Amino acid sequence: MRILIVEDESAIAEVEKAYLERDGYSVDVAADGLKALEFFNSEAIYDLILLDLMLPGMQGIDVCREIRRKSNVPIIMVTARSGEVDVISGLDAGADDYIVKPFSPKILMARIRSNLRKSESSDVAFSQVIEVGDSLKIDVSNFTVKNNDEEISLTRNEFLILSKLAERPEKTWSRDELITYALGYEYDGFERSIDSYIKNIRKKLAGPEHENGYILTVHGFGYRISEK
Ligand code: CA
């Protein structure tokens, strides 16, 4: 098991690292947000991330959001005692749990074990394939899409938009939401470029039974996926 500690106070990071290593975990320590993303995007695969929210430069919340776009790895935030707002926005950004400073290392270790157990059991139960109707299958674990058993080649952004739409078939997404939730906040194209992506996805998925490529235009608002 490998754990990434994101913590700018080296004394705290050292204690966390010592406890974790004593229990047999491999540990990397990042002292700021950019370094954390560097570790996360490296070849190392982490089983859990312990994330301090108050960091110099890039904030913990943004690190959390960025990791969540790509991974379901359990994230435990570390917050200051007065940080109710932080806790709420951290959970909204996709963190699984939090612990308040100062904490007892034994409680921290128990929280880590509990989150690792939860993620192991949900990995088994969680289907990585989103199905739309009977014919469209989107595999988010390996970025493939099959339509009537035929593999469809989508670009990264097309894939992200399609899988975001398919996650919530009942929901209409505005262009702005699709940019924020599918492409991420660092996306620097125009809002209207979503229309081009949708046009391309439709072209690739359209068939006699799904002329719109499963995607409906909701005029004046945005798009939603249709199983019909
Ligand atoms: Ca800090």
Side-chain angles (χ1 to χ4, degrees), residues 1-9 12-13 16-17 26-80 83 85-99 101 111-112 115-116 118-119 122-123 126 128 130 138-143 154-168 171 173-191 193-194 197:
M1 290 272 182
R2 195 179 189 94
I3 295 185
L4 177 62
I5 296 174
V6 188
E7 173 60 74
D8 59 311
E9 287 169 67
I12 296 178
E16 293 171 346
K17 185 168 188 276
S26 306
V27 178
D28 289 316
V29 178
D32 63 56
L34 287 178
K35 192 76 198 158
L37 292 179
E38 215 175 280
F39 271 116
F40 177 75
N41 290 319
S42 73
E43 281 174 15
I45 307 263
Y46 294 99
D47 298 288
L48 185 139
I49 295 175
L50 191 59
L51 175 64
D52 182 29
L53 286 190
M54 293 286 282
L55 295 169
M58 185 180 195
Q59 286 297 297
I61 287 284
D62 293 325
V63 176
C64 182
R65 245 182 235 122
E66 190 59 24
I67 290 174
R68 253 315 154 257
R69 289 183 48 225
K70 298 176 181 165
S71 160
N72 289 321
V73 61
I75 300 176
I76 303 180
M77 322 175 264
V78 179
T79 69
V85 175
D86 286 350
V87 168
I88 293 165
S89 46
L91 293 172
D92 283 343
D96 299 277
D97 200 357
Y98 67 95
I99 188 158
K101 273 181 187 173
R111 286 281 177 86
I112 287 174
N115 278 274
L116 286 171
K118 260 190 271 172
S119 98
S122 70
D123 275 355
F126 179 67
Q128 299 282 310
I130 306 173
I138 302 163
D139 189 335
V140 292
S141 63
N142 64 7
F143 295 94
L154 296 180
T155 66
R156 179 175 178 276
N157 283 352
E158 289 164 7
F159 182 88
L160 291 173
I161 290 168
L162 178 67
S163 51
K164 189 46 75 179
L165 289 168
E167 253 174 39
R168 302 268 308 273
K171 178 177 160 60
W173 298 80
S174 68
R175 291 176 182 85
D176 189 44
E177 285 176 315
L178 283 174
I179 287 174
T180 307
Y181 297 113
L183 304 182
Y185 66 91
E186 83 276 24
Y187 174 75
D188 62 358
F190 295 106
E191 201 177 274
S193 51
I194 288 288
Y197 290 124

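No experiment lies behind these values; they were computed from the predicted model shown.
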For Leu116 against Met1, the heavy-atom pair lying closest together
CD2-SD, 4.0 Å

If I compare all heavy atoms of Ile130 with all of Ser163, which pair ends up nearest, and what's the gap?
CD1-O, 4.0 Å

Heavy-atom closest contact (Pro74 atom, Asn115 atom, distance)
CG-O, 4.0 Å

Decide yes or no on salt bridge (Lys or Arg N to Asp or Glu O under 4.0 Å) for Arg111 and Asp96, but give the supporting numbers first.
CA-CA 11 Å; Arg111 286 281 177 86; Asp96 299 277; over 6 Å; no

CA sep, side-chain torsions, deciding dist, call: Lys70, Phe40, side-chain contact (heavy atoms from CB on, under 4.5 Å)
CA-CA 10 Å; Lys70 298 176 181 165; Phe40 177 75; 4.2 Å; yes

Nearest-0.5 Å distance, OG of residue Ser26 to CG of residue Leu4:
12.0 Å

Compare every heavy atom of Asp8 with every heavy atom of Met54, then report the nearest pair and how far apart it is.
O-OD1, 3.2 Å

Distance-minimising heavy-atom pair for Trp173 and Leu165
CD1-CD2, 3.5 Å

Please determine whether side-chain contact (heavy atoms from CB on, under 4.5 Å) holds for the pair Met77 and Asp52, giving the CA-CA distance in whole Å, both sets of side-chain angles, and the decisive distance to 0.1 Å.
CA-CA 6 Å; Met77 322 175 264; Asp52 182 29; over 6 Å; no

What do the steps show when you test Glu38 against Leu34 for side-chain contact (heavy atoms from CB on, under 4.5 Å), and what is the final call?
CA-CA 6 Å; Glu38 215 175 280; Leu34 287 178; 5.8 Å; no

What distance do Tyr197 atom OH and Thr155 atom OG1 have between them, rounded to the nearest 0.5 Å?
6.5 Å

Output the distance between atom OH (Tyr46) and atom CD1 (Ile5), rounded to the nearest 0.5 Å.
10.5 Å

Do Ile45 and Arg2 have side chains that approach each other closer than 4.5 Å (heavy atoms only, starting at C-beta)?
no

Has Arg68 got a side-chain atom pairing as donor or acceptor with Val73's backbone, closer than 3.5 angstrom?
yes

Quick one: pull up OG1 in Thr79 and OH in Tyr98 and give me the separation to the nearest 0.5 Å.
7.5 Å

For the student: nearest non-hydrogen atoms of Gly94 and Cys64, plus distance
C-SG, 4.1 Å

Enter the distance from Ile76:CD1 to Ile3:CD1 here, rounded to the nearest 0.5 Å.
8.0 Å

Would Phe159 and Ile138 satisfy side-chain contact (heavy atoms from CB on, under 4.5 Å), going step by step from the backbone distance to the final call?
CA-CA 9 Å; Phe159 182 88; Ile138 302 163; 3.8 Å; yes

Rounded to the nearest 0.5 angstrom, the CG-CG distance for Asp32 and Leu37 is 9.5 Å

